[in-house]
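Letters go in sequence order (proteins before strands), and every chain restarts at 1. Fair warning: this is a prediction, and the values are worked out from it, not measured in the lab.
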There are 2 protein chains.
Amino acid sequence: MFQKSRVPLYLQVARLMRHKIENGDWPYGEQIPTLDELEREYKVSRITLRGALDQLEAVGIVKRTRGLGTFVAKDLSEQRWFKLASSMDELVRTVADLKIRLLPLQGDASQPLAPAFNFGLAGPAYERLRRVHYHNEEPYCLIEIHLDKKIFDSDPQGFSSAPVVPQLAARKDVKIAHAKQVMRITVSDEDTAAHLDIGVGDPIADVCRVFLDERMQIIYYAHIQYPAQMIQIETDLLRC
Amino acid sequence: MFQKSRVPLYLQVARLMRHKIENGDWPYGEQIPTLDELEREYKVSRITLRGALDQLEAVGIVKRTRGLGTFVAKDLSEQRWFKLASSMDELVRTVADLKIRLLPLQGDASQPLAPAFNFGLAGPAYERLRRVHYHNEEPYCLIEIHLDKKIFDSDPQGFSSAPVVPQLAARKDVKIAHAKQVMRITVSDEDTAAHLDIGVGDPIADVCRVFLDERMQIIYYAHIQYPAQMIQIETDLLRC
DNA sequence: CTCAATTTGTTCGTATGTATG
DNA sequence: ACATACATACGAACAAATTGA
């Protein structure tokens with residue numbers, strides 16, 4: 001049943017169980033099926049189930065009591081708290097609403113800009129900001145920003161201590177003429193995994209976002225990585 | 001370096017290597033670093049590298065020759081051939097452009113509709129279509145459609161043999177008043193994995209798409225699953 | 001043609017992890 | 001908890017193929 005993947009069986013089972021809990025198939029607070037039932041359902045041995053449940057118990061998702069059963073101990077059905085914005089207004093609102101803590105990372109302040117996709121012209125100089133955004137003490141994205149040096153220098157304090165997008169949108173002297181972003185699903189490398197506290201090779205959503213001024217020059221370029229599980233995208237197909 | 005995840009080391013390394021090739025860090029046709037260099041880079045043993053390269057060679061991504069080196073044998077830099085549509089026009093175009101083969105799956109023809117998100121009202125009766133879409137002989141999505149029974153019955157042949165969306169959009173007697181979709185990243189279960197030829201627990205993009213008529217009644221509801229790696233989403237943040 | 005350098009492939013011993021019944 | 005089997009991972013040494021001097 002699981003032969004296609006060489007990931008250890010107990011991890012695959014753990015992921016399926018977690019999926020059931022996120023889906024609400026196994027509701028918060030209720031008992032999950034007994035080991036005998038799970039053996040039949042997944043066609044795996046008791047020890048494999050133990051490994052899977054060890055994983056889930058270690059992060060507090062289930063609580064096991066001998067003689068009683070295993071119960072869902074964490075509500076994962078409302079876990080997805082990050083909606084990828086599809087318009088500038090929404091983007092500003094999303095970022096502003098988040099209570100975040102910024103963790104600045106060291107790095108060369110000025111570095112050449114190498115956009116992941118062709119859109120706009122590179123400007124003369126950029127300030128490079130690299131940081132981790134936190135939400136509820138949990139890292140939720142790793143972001144690397146290239147901000148036009150002139151704009152950054154007009155308020156270094158502000159841009160260094162809070163999300164950049166709302167500040168840009170609020171300024172009268174900065175005109176954003178074009179704004180595009182591309183999202184892909186990839187896997188995390190060692191560096192990203194360490195900062196987001198996930199495993200190397202775990203899926204991440206990789207977002208590249210670019211703002212241009214009227215002369216098609218790049219004033220803001222951001223490369224953002226989110227753990228993929230927390231991403232949700234809503235689209236109104238008839239918006240225009 | 002890889003302790004966070006309990007996925008076998010050689011698989012994690014294989015994923016990172018694949019990522020490098022997709023990224024163009026290791027270009028098509030060129031030699032990748034030698035085993036000695038890779039040992040130092042990833043801090044793993046030769047045997048682990050062998051396992052990782054076995055994986056990649058088995059699917060033809062690299063070619064190894066003793067005494068010569070290991071070379072990138074497949075161009076993965078342009079692999080992302082599925083763009084998730086963000087408007088109805090784009091959706092129709094995307095589906096129409098794809099050369100697809102449909103693999104109908106058995107299933108109860110009529111089944112109650114249980115939308116994954118609250119939007120619109122359930123109609124009186126639906127035809128349920130479940131199929132795999134192919135592209136270049138490779139499965140690229142598993143789709144389950146609930147189509148208003150009246151509409152289906154007006155052209156059962158057509159709806160059973162080709163993508164539904166373009167047919168719906170082309171019809172003068174069907175007015176789509178609202179169209180929404182939601183995408184999440186989850187993991188595949190056994191059934192999905194088997195149809196898409198991926199591993200259980202591999203990341204998938206889970207899309208729910210709903211069309212309503214003027215009376216807010218659901219005329220089309222689709223639940224679609226794609227392997228996550230092939231998804232790309234482009235957004236113009238200033239479209240409106 | 002031969003030799004040396006380079007590079008992948010294989011083997012051994014050992015330890016630990018995974019999985020079944 | 002036990003007996004068993006197989007997979008994963010390390011380090012080190014050795015073997016075999018390719019290239020170019």
Task: Per A:Pro8 side chain, nearest of listed nucleotides D:dT8, C:dT18, C:dT8 - done: C:dT18
- [ ] Record whether the side chain of B:Arg46 comes under 3.5 Å of the base of C:dG9 through a donor-acceptor pair of N or O atoms.
- [x] yes
TODO: Any chance you could measure B:Cys141, atom SG, to B:Met230, atom CE, to the nearest 0.5 Å?
DONE: 9.0 Å
Open item on the list: Please name the nucleotide paired to C:dG21 by Watson-Crick or G-U wobble geometry with both distances under 3.5 Å, or report none.
Closed with: D:dC2
TODO: Specify the residue among B:Leu49 and B:Gly67 whose closest nucleotide of DNA chain D lies further upstream toward the 5′ end.
DONE: B:Leu49
TODO: Please work out if B:Leu9 contacts a base, only the sugar-phosphate, or nothing of the nucleic acid, heavy-atom cut-off 4.0 Å.
DONE: sugar-phosphate
Task: Side chain of A:Tyr10 - closest among D:dT18, C:dA19, C:dT8 - done: C:dA19
Task: Under-4.0 Å side-chain N/O to phosphate OP1/OP2 contact, B:Thr70 with C:dT8 - done: yes
Open item on the list: Rounding to an integer number of Å, can you tell me how far B:Arg6 CZ sits from C:dG17 P?
Closed with: 9 Å
TODO: Starting at atom CD1 of B:Ile47, determine the distance to atom C1' of C:dG13, rounded to an integer number of angstrom.
DONE: 11 Å
- [ ] Report the distance from atom CG of B:Leu38 to atom P of D:dA9, rounded to the nearest whole Å.
- [x] 16 Å
Open item on the list: Between B:Tyr140 and B:Tyr134 (judged by ring centroids, cut-off 6.0 Å), do the two rings come close enough to count as a pair?
Closed with: no
Open item on the list: At 4.0 Å (heavy atoms only), tell me whether A:Ser45 reaches a base, stays on the sugar-phosphate, or touches nothing.
Closed with: base
TODO: Please report, rounded to the nearest Å, how far the P atom of C:dG17 is from the CD atom of A:Gln55.
DONE: 13 Å
Open item on the list: Nearest whole Å is fine: how far is D:dG11 P from B:Leu35 CG?
Closed with: 14 Å
TODO: In whole angstrom, give the distance that lies between atom CG of B:Leu53 and atom C1' of C:dT10.
DONE: 15 Å
Task: Nearest-nucleotide pick for B:Arg64, side chain only, options being D:dA9, C:dA19, C:dT8 - done: C:dT8
TODO: Please report, rounded to the nearest Å, how far the P atom of D:dG11 is from the CG atom of B:Asp36.
DONE: 13 Å
Task: 5′-ward residue of the pair B:Arg50/B:Gln31 relative to DNA chain C - done: B:Gln31
Open item on the list: Under 6.0 Å from the ring centre and within 45 degrees of the ring axis: does the NZ or CZ of A:Lys149 meet both conditions for the six-membered ring of A:Tyr126?
Closed with: no
TODO: Identify whether any heavy atom of B:Leu68 sits under 4.0 Å from a base atom; if not, whether one sits that close to sugar-phosphate; answer base, sugar-phosphate or nothing.
DONE: sugar-phosphate
Task: Rounded interatomic separation in angstrom, taking CD from B:Glu39 and P from D:dA9 - done: 14 Å
- [ ] Starting at CZ of B:Arg18, measure out to OG1 of A:Thr186 and round the result to the nearest 0.5 Å.
- [x] 12.0 Å
Task: Cationic N near anionic O, under 4.0 Å, B:Arg46 to B:Asp36 - done: yes
